[in-house]
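What follows is a short report on a single structure.
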Protein chains: 2
Amino acid sequence: MSRFVHPTKEDITLAGVLGALGDPMRLKILKKLLERRHGHLSCSEAAPCTEMAKSTLSHHFRILRDAGLIRTTKQGVENLNSVRWDDLNERFPGLLAVIMKFQL
Amino acid sequence: MSRFVHPTKEDITLAGVLGALGDPMRLKILKKLLERRHGHLSCSEAAPCTEMAKSTLSHHFRILRDAGLIRTTKQGVENLNSVRWDDLNERFPGLLAVIMKFQL
DNA sequence: TCTTATAGTTCAGTATTATTGAACTATAGA
DNA sequence: TCTATAGTTCAATAATACTGAACTATAAGA
């Protein structure tokens, strides 16, 4: 029964957010999640490609979670992930919207 | 006579830019440079604090340069650094302007 | 209930990056 | 030429990231 640790909105830092997004895989994961802004995706649904190690994927989700970019809840056998859109937009207005515009 | 290597505008990547800015020191350096958008600052003028190792500072400037965020030219004993504002704004319109708005 | 499958985490070893003191390079000025 | 200044490069260590293997938790079927 692993409970996920999420930083409070106030504890989200700019360097943390940018650092977490400074990786092509994590950018792709966030883009997939952002496409359904208030929806949820399991880790494997949000994976940028299928031939990547589960542990690697888990690692990247952890980094996104620790930076405050996503919220993870366990539902049955899956983890459901969603972007913390409102928190992020209050903390850093416009940031995610701009990043989301660009390709890759 | 060290010549600095700068990526072409086309070679600047989003993950590279975000990764380079995913560090408090480098964010501070960029902010100082951005305050005089088309001006130039030496490395020591742009240093976030004075009590950091010269080699560490040099390392951070290198990462910013390799990511395409700054251009460095040697002038006398000093290195002059400036933000590649136009290149970045053409490649990722609005990105730097948004990041610049936030504190820390 | 026992077994199997699914989804993901944790562990541990390896690989990559970051940090920093010491030595070095290049330029300017006395 | 000698000294000071500004920064780089090197080399060693510290900290993070990546990933295969083993493990945990839940669901569903026999």
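Among the atoms of the strands shown, only primed sugar atoms or phosphate atoms (P, OP1, OP2) are found under 4.0 Å from some heavy atom of A/D23.
Listed for the A/K74 side chain is no donor-acceptor partner under 3.5 Å among the backbone atoms of A/F4. Formation of a donor-acceptor pair under 3.5 Å by the B/K28 side chain with backbone atoms of B/A47 is not found in this model. Formation of a donor-acceptor pair under 3.5 Å by the B/R26 side chain with backbone atoms of B/H60 is not found in this model. In terms of modelled atom types and a separation under 3.5 Å, the side chain of B/R71 and the main chain of B/S82 share no donor-acceptor contact.
The side chain to side chain donor-acceptor pair (under 3.5 Å) search around B/N79 returns none, not counting sequence neighbours. Remark: A/E35 pairs with no residue by the salt bridge (charged side-chain N to carboxylate O under 4.0 Å, His left out) rule, at least two apart or across chains. Remark: A/R65 pairs with A/T72 by the side chain to side chain donor-acceptor pair (under 3.5 Å) rule, at least two apart or across chains. In this structure A/R84 satisfies the side chain to side chain donor-acceptor pair (under 3.5 Å) test together with A/D87, sequence neighbours excluded.
Closest approach to the B/A53 side chain among D/dG20, D/dC18, C/dT20 is made by C/dT20 (side chain taken as heavy atoms from C-beta onward).
What separates CD of B/Q75 from C1' of C/dA26 is a distance of 14 Å, to the nearest Å. In this entry the distance linking CE of B/M52 with P of D/dG7 reads 12 Å, nearest Å.
For the segment residues 58-72 of chain A, residues with any heavy atom less than 4.0 angstrom from an atom of DNA chain D are, sorted by number, A/H59, A/H60.
In terms of phosphate contacts, A/S55 brings no side-chain nitrogen or oxygen within less than 4.0 Å of OP1 or OP2 of D/dG20.
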Write out a two-atom table: protein N or O, nucleotide N or O from nucleotides 1-7 of chain C, distance below 3.5 Å.
| residue | atom | partner | partner atom | Å |
| --- | --- | --- | --- | --- |
| C/dA7 | O4' | A/V77 | O | 3.3 |

